[in-house]
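Side chains are part of it too, since the values below use all heavy atoms of this structure and drop only hydrogens, waters and symmetry mates. In this text, all values refer to a predicted model and were calculated from it rather than measured experimentally.
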Amino acid sequence: LDEITTTRETQVAHLTPTGNINNYIITPEQLGLPRATPESLQGGDAPFNALIVRRVLAGEKGSARDIVLLNAAAAIHVCQLVPSLQEGLVRAAQVVDQGLAQHKLEQLIHCSNG
């Protein structure tokens, strides 16, 4: 996979500002997330995948939400908005649970249809 997964451990190579590369492993359990099965994350055609996105952004709990939040947490952390992946996970969950991510999607849909 080219993203952090909740189905198994993820190997990370982190390039530091000083040019060093730190290699480490992330597991879902380290962040308080359950392991998912590949089948629970399987998508489908565009309408089905859109439904998954809408469910996740509406706050539905489950494997799809967990992997979305984990990868959002990584992006938030890489952008240096939080000092750790764990704090990124908290921030990502807040954005979804407060409806901010869903609102942003609605703005994008409105803009692209306008």
Colleague: Search all heavy atoms of Ser63 against all heavy atoms of Leu41 and return the closest pair with its distance.
Modeller: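 Here Ser63 and Leu41 meet closest at O-CD2, 3.4 Å.
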
Colleague: Of Ile26, Ile76, Val12, which is the lone residue that meets side chain to side chain contact (heavy atoms under 4.5 Å, CB included) with Leu85?
Modeller: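 Looking at Ile26, Ile76, Val12, the match for Leu85 under the side chain to side chain contact (heavy atoms under 4.5 Å, CB included) is Ile26.
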
Colleague: Name all pairs fulfilling the salt bridge (charged side-chain N to carboxylate O under 4.0 Å, His left out) condition that reach into residues 104-114, sequence neighbours left out, sorted by first residue then second.
Modeller: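 Of all non-adjacent pairs touching residues 104-114, those that pass salt bridge (charged side-chain N to carboxylate O under 4.0 Å, His left out) are Arg54-Glu106.
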
Colleague: Taking all atoms of both residues into account, what is the closest heavy-atom pair of Tyr24 and His14, and its distance?
Modeller: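 Result for this residue pair: CE2-CB, 3.8 Å.
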
Colleague: Would Val68 and Leu57 satisfy side chain to side chain contact (heavy atoms under 4.5 Å, CB included), going step by step from the backbone distance to the final call?
Modeller: CA-CA 10 Å; Val68 166; Leu57 297 185; 5.5 Å; no

Colleague: Under 4.5 Å between side-chain heavy atoms, hopping through other hydrophobics if needed: is there a path connecting Ile67 to Val95?
Modeller: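 Each belongs to a different hydrophobic cluster.
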
Colleague: Could you tell me which residues satisfy side chain to side chain donor-acceptor pair (under 3.5 Å) with Arg91, sequence neighbours excluded, listed by chain and number?
Modeller: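 Not a single residue meets the side chain to side chain donor-acceptor pair (under 3.5 Å) criterion with Arg91.
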
Colleague: Assess the residue pair Ile109 and Leu105 against the criterion (side chain to side chain contact (heavy atoms under 4.5 Å, CB included)); give the C-alpha distance rounded to whole Å, side-chain angles, the decisive distance to 0.1 Å, and a yes or no.
Modeller: CA-CA 6 Å; Ile109 291 168; Leu105 175 63; 3.9 Å; yes

Colleague: Do you know the tightest heavy-atom contact between Ala13 and Ile21?
Modeller: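 Answer, listing the atom of Ala13 first, then Ile21: CB-CG2, 4.1 Å.
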
Colleague: Which atom pairs, one a donor and one an acceptor, fall under 3.5 Å between side chains of residues 30-38 and the rest of the protein, sequence neighbours left out?
Modeller:
from  : atom 1 : to    : atom 2 : distance (Å)
Gln30 : OE1    : Thr27 : N      : 2.7
Arg35 : NE     : Glu29 : OE1    : 3.2
Arg35 : NE     : Glu29 : OE2    : 2.7
Arg35 : NH2    : Glu29 : OE1    : 3.3
Thr37 : OG1    : Ser40 : N      : 3.1
Thr37 : OG1    : Ser40 : OG     : 3.4

Colleague: Name all residues meeting the salt bridge (charged side-chain N to carboxylate O under 4.0 Å, His left out) criterion together with Glu9; count only those two or more places apart in sequence or in a different chain, and write none if there are none.
Modeller: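 Not a single residue meets the salt bridge (charged side-chain N to carboxylate O under 4.0 Å, His left out) criterion with Glu9.
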
Colleague: To the nearest 0.5 angstrom, please state how far the CD atom of Gln11 sits from the OG1 atom of Thr5.
Modeller: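 Gln11 atom CD to Thr5 atom OG1 measures 12.5 Å (nearest 0.5 Å).
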
Colleague: Is it the case that more than 12 heavy atoms not belonging to Gln80 sit under 6.0 Å from its CD atom?
Modeller: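 No, the 6.0 Å shell around CD holds no more than 12 heavy atoms from other groups.
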
Colleague: If you look at every heavy atom in Gly44 and Asn49, which pair is closest and at what distance?
Modeller: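 Between these two residues, the closest heavy atoms are N-OD1, 2.8 Å.
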
Colleague: Sort and list the pairs that fulfil salt bridge (charged side-chain N to carboxylate O under 4.0 Å, His left out) and have at least one residue in residues 62-77, not counting sequence neighbours.
Modeller: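 Output for this query lists Arg65-Asp97.
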
Colleague: Going from CD1 on Ile4 to CG on Leu70, what distance comes out if it is rounded to the nearest 0.5 angstrom?
Modeller: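 Going from CD1 on Ile4 over to CG on Leu70, the span is 5.0 Å.
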
Colleague: Output all residues satisfying side chain to side chain donor-acceptor pair (under 3.5 Å) with Arg55, sequence neighbours left out; order by chain, then residue number.
Modeller: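 For Arg55 there are no side chain to side chain donor-acceptor pair (under 3.5 Å) partners, ignoring immediate neighbours.
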
